[in-house]
Amino acid sequence: MDALVVYESMFGNTKQIAEAVAEGLATRMRAEVAEVGSAPDFIGDQVALLVVGGPTHAFGMSRESTRQSAAQQAPGGLVSKGRGLREWLGGLGSSSATLASAAFDTRVFKPRMPGSAARGAAKRLRRAGIRLVAPAQSFYVAGTPGPLLDGELDRARAWGESLAASVAVPTR
């Protein structure tokens, strides 16, 4: 595996973006997608690029209280039911000095709305000593439960392709 995309998703929108990013990455490298509850706590040398993403809740990454609020709005249940991206990043370890990373989020499209889960995730990745290869990226939904705005999946695939090109890891 050359790339790992780890996502947290409440209503399925962030999961769709993660899968589209992985499709873009797969044009140049092997890519695997993992829901944060099943993501490894330690990233080994086989991973060259770590991409993380989650929904923006209350201007940042989700917390237990915001996940509880989301659960009340999801009659069919949440996609991510356990730990969130914030907690996972807090315990993340890596043996690779060359691991590259990028962060994304999903958020409601409202011009000049402050806050971003992706920016918070990017800060945590930097603090962990993991090199960022791209600025934090946001993908937009029409409302809290979604759906994704038209064109966002295509934009996510293209972003994945550009990330893969930036780390230039050949397919094995």
To the nearest 0.5 angstrom, please state how far the [atom1] atom of [X] sits from the [atom2] atom of [Y].
X: Arg86; Y: Arg124; atom1: CZ; atom2: CZ; result: 5.0 Å
X: Lys123; Y: Leu132; atom1: NZ; atom2: CG; result: 12.0 Å
X: Glu87; Y: Glu8; atom1: CD; atom2: CD; result: 7.5 Å
X: Leu49; Y: Ser101; atom1: CG; atom2: OG; result: 7.5 Å
X: Thr106; Y: Tyr140; atom1: OG1; atom2: OH; result: 11.0 Å
X: Ser116; Y: Arg107; atom1: OG; atom2: CZ; result: 5.5 Å

Residue pair Asp105 / Ser138, side-chain donor-acceptor N/O under 3.5 Å: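 Result is yes, a qualifying pair exists.
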
Donor-acceptor side-chain pairing of Thr98 and Ser96 below 3.5 angstrom: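 The answer is yes; a qualifying pair exists.
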
Donor-acceptor contact present, side-chain Ser94 to main-chain Ile43, <3.5 Å: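 Yes: the side chain of Ser94 pairs with the backbone of Ile43.
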
Check: Val141 main-chain N/O paired with Asn13 side-chain donor or acceptor under 3.5 Å: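 Side chain of Asn13 to backbone of Val141, a donor-acceptor pair under 3.5 Å: no, none is there.
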
pair [X]-[Y]: side-chain heavy atoms closer than 4.5 Å:
X: Thr14; Y: Phe104; result: yes
X: Arg131; Y: Leu99; result: no
X: Val52; Y: Leu125; result: yes

Atom CG of Asp150 with >12 non-hydrogen neighbours under 6.0 angstrom: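 12 or below, so no.
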
Nearest heavy-atom neighbours spanning [X] and [Y]:
X: Val33; Y: Ala18; answer: CG2-O, 4.1 Å
X: Leu25; Y: Ala31; answer: CB-CB, 4.0 Å
X: Ala103; Y: Trp159; answer: O-CH2, 3.7 Å

